[in-house]
Asker: 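First the structure, which I've put down as structure tokens, then a few questions once you've had a look.
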Amino acid sequence: MSIKIKSPEEIQKMRIAGKLAADVLEMIAPHVVVGVSTGELNQIMHDFMINEQGTIPATLNYHGFPASSCISINQVVCHGIPDPDKKLKSGDIVNIDVTVIKNDYHGDTSRMFEVGEVKPFASRLCQVAQECLWLGIEQVKADATLFDVALAIQTHAEANNYSVVKEYCGHGIGADFHEEPQVLHYASPELKQIVLKPGMVFTIEPMINLGKSGVKVLGDNWTVVTKDRKLSAQWEHTLVVTETGYEIFTLRTDEQPVLPNN
Ligand code: MF3
Ligand code: CO
Ligand code: CO
């Protein structure tokens, strides 16, 4: 059990994989509209990855997952299975999570989309979840710990009366989809032992709930929902630790940090 330090050559491959994953989310954005099915969105992304990018969709058949993306609507926390019969409706908040493999290395990213007219309380959850991601990212630098990352995320979520999902976490990533360490998003004391070093590559991907933090897995053995069936939101980036901070591999064109106003 150890956290791999990536070589400059590996980091260059992950930069490329991360950019390709970000490109999938940019490509799909205009398709995320009222009436489209999550199955259709998945098919468009699958075809883009295979035919346009020459990437491999990492989720397809991963531990039996049946699709090339995870699409998680409203009370679905993560691992929503795309479905041709599941159409987006006005007011939905939707997470699309894609992971591509290019030249044997992974890039993993997700973002929220607001469909049609979204109520302010739901929009605000999406915004605060994105702020949580960025506050976590901003803690990343050599000799900081994963505790610093988690504490920043949990503090901001709870200051807004939201809760942090504990059962699912970010992860090291590289030639394998899920590597060490586990990047918990709540301030668990053992995270103080995980000291960041240049060349470590991992994801941060907080799942933030409007209500209580509890989750359950549905009968399909994949779909994770909030126990109280209230809304959940998630954003994810893949990044590398540098001497002075971090480099995000999955940054979208024109994407800027989203941080709280005060
Ligand atoms: N992309 C997810 C993550 O951020 C993992 C999805 S695994 C799957 O780690 F099997 F559900 F696709
Ligand atoms: Co992901
Ligand atoms: Co991930």
Side-chain angles (χ1 to χ4, degrees), residues 3-4 6 14 17-28 38-39 41-43 45-46 49 55-73 76-83 86 94-102 105-113 129-130 132-134 136-137 140 146 149-150 153 164-185 200-208 215-225 232-240 246 248-252 255:
I3 303 171
K4 289 178 195 141
K6 269 70 179 181
M14 297 202 72
K19 173 64 180 150
L20 289 163
D23 287 346
V24 177
L25 291 182
E26 288 194 53
M27 180 280 300
I28 204 63
T38 59
L41 291 173
N42 180 70
Q43 188 65 50
M45 291 189 284
H46 176 89
M49 288 185 250
T55 57
I56 298 166
T59 60
L60 187 59
N61 302 319
Y62 182 76
H63 294 280
F65 189 79
S68 298
S69 60
C70 298
I71 305 184
S72 302
I73 305 174
V76 179
V77 173
C78 62
H79 304 168
I81 302 174
D83 177 352
K86 184 79 188 171
V94 184
N95 174 278
I96 299 183
D97 190 340
V98 291
T99 307
V100 307
I101 306 171
K102 183 72 169 184
Y105 284 81
H106 291 72
D108 185 6
T109 187
S110 83
R111 61 158 294 173
M112 297 303 294
F113 294 92
Q130 190 176 20
C132 285
L133 169 61
W134 278 100
I137 289 171
V140 173
L146 284 184
V149 173
I153 292 167
V164 177
V165 171
K166 293 191 165 66
E167 287 83 352
Y168 299 88
C169 58
H171 48 92
I173 182 168
D176 290 315
F177 192 166
H178 294 105
E179 301 183 352
E180 288 187 57
Q182 290 196 32
V183 181
L184 302 178
H185 304 109
M200 287 183 180
V201 179
F202 54 88
T203 73
I204 303 177
E205 51 181 299
M207 286 141 274
I208 306 299
V215 302
K216 63 171 279 192
V217 181
L218 297 184
D220 60 18
N221 287 320
W222 280 108
T223 310
V224 180
V225 298
S232 186
Q234 178 180 28
W235 298 75
E236 175 177 24
H237 273 312
T238 299
L239 61 144
V240 62
Y246 55 84
I248 301 171
F249 292 150
T250 48
L251 210 59
R252 296 179 293 282
E255 184 182 359

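Given the structure is predicted, the values throughout are model-derived calculations rather than measurements. For ligands, and for the atoms within them, numbers begin at 1 and follow the listed sequence.
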Asker: Are the side chains of Glu167 and Val217 in contact, using a 4.5 Å heavy-atom criterion?
Answerer: no

Asker: Among His178, His106, Met207, which one has a heavy atom closest to atom 9 (O) of ligand 1?
Answerer: His178

Asker: Would you call Phe65 and Cys70 a side-chain contact if the rule is heavy atoms closer than 4.5 Å?
Answerer: yes

Asker: For atom 5 (C) of ligand 1, grab the closest protein heavy atom and report residue, atom and distance to one decimal in Å.
Answerer: Phe177 CZ, 3.6 Å

Asker: Side chain of Thr38, backbone of Asp83: donor and acceptor closer than 3.5 Å?
Answerer: yes

Asker: Evaluate the side-chain proximity of Met45 to Ser68: yes if any heavy-atom separation is below 4.5 Å, no if none is.
Answerer: no

Asker: Hey, are Glu179 and Lys6 close enough for a salt bridge, meaning a charged N less than 4.0 Å from a carboxylate O?
Answerer: yes

Asker: With side chain to side chain contact (heavy atoms under 4.5 Å, CB included) as the test, pick out the partner of His237 among Ile204, Asp108, Leu133.
Answerer: Leu133

Asker: Quick one: angle Asp108 OD2 - the Co ion (ligand 3) - Glu205 OE2, to the nearest 10°?
Answerer: 160°

Asker: Could you tell me if Asn42 and Ser69 have a donor-acceptor pair between their side chains, going purely by distance under 3.5 Å?
Answerer: yes

Asker: At under 4.0 Å between heavy atoms, which part of Asp108 makes contact with ligand 1: side chain, backbone, both or neither?
Answerer: side chain

Asker: Look at atom 7 (S) of ligand 1 and say which protein heavy atom is nearest, naming residue and atom and giving the distance to 0.1 Å.
Answerer: Tyr62 CD2, 3.8 Å

Asker: Any heavy atom of Tyr168 sitting closer than 4.0 Å to ligand 1?
Answerer: no

Asker: Output the list of atoms in ligand 1 that are nearer than 4.0 Å to some heavy atom of Thr99, sorted by atom number.
Answerer: 1 (N)

Asker: For N/O/S atoms only: which one belongs to Asp97 and is nearest the Co ion (ligand 2)?
Answerer: OD1

Asker: Below 4.0 Å from any atom of ligand 1, is there a heavy atom belonging to His63?
Answerer: no

Asker: Around atom 8 (C) of ligand 1, find the nearest protein heavy atom and jot down its residue, atom name and distance.
Answerer: Phe65 CG, 3.8 Å

Asker: What I want to know is whether Glu236 and ligand 1 share at least one N or O pair that is separated by under 3.5 angstrom.
Answerer: yes

Asker: Mind checking whether Ile3 and Phe202 have side chains closer than 4.5 Å, heavy atoms only?
Answerer: no

Asker: List ligand 1 atoms under 4.0 Å from Cys70, heavy atoms only on the residue side.
Answerer: 6 (C), 11 (F), 12 (F)

Asker: With a cut-off of 2.8 Å, does any N, O or S atom of His171 fall short of it relative to the Co ion (ligand 3)?
Answerer: yes

Asker: Measuring from the Co ion (ligand 2), name the closest N, O or S atom belonging to Glu236.
Answerer: OE1

Asker: With a sphere of 6.0 Å drawn around NZ of Lys19, does it hold more than 12 non-hydrogen atoms of other residues, nucleotides or ligands?
Answerer: yes

Asker: Side-chain donor-acceptor pair under 3.5 Å between His178 and Tyr62, yes or no?
Answerer: yes

Asker: Could you tell me whether some N/O pair between Asp97 and ligand 1 is separated by less than 3.5 angstrom?
Answerer: yes

Asker: For Ser232 and Val76, indicate whether the former's side chain and the latter's backbone hold a donor-acceptor pair under 3.5 Å.
Answerer: no

Asker: Verify the distance criterion only: is there a donor paired with an acceptor across the side chains of Glu205 and His185 at less than 3.5 Å?
Answerer: no

Asker: Less than 3.5 Å between some nitrogen or oxygen of His79 and one of ligand 1, yes or no?
Answerer: no

Asker: Below a 4.0 angstrom heavy-atom separation, can you tell me which part of Ser110, side chain or backbone, both or neither, approaches ligand 1?
Answerer: neither

Asker: Mind checking whether His171 has an N or O less than 3.5 Å away from an N or O of ligand 1?
Answerer: yes

Asker: Identify, for atom 4 (O) of ligand 1, the protein heavy atom at the shortest distance, and state residue, atom and that distance.
Answerer: Glu205 OE1, 2.7 Å

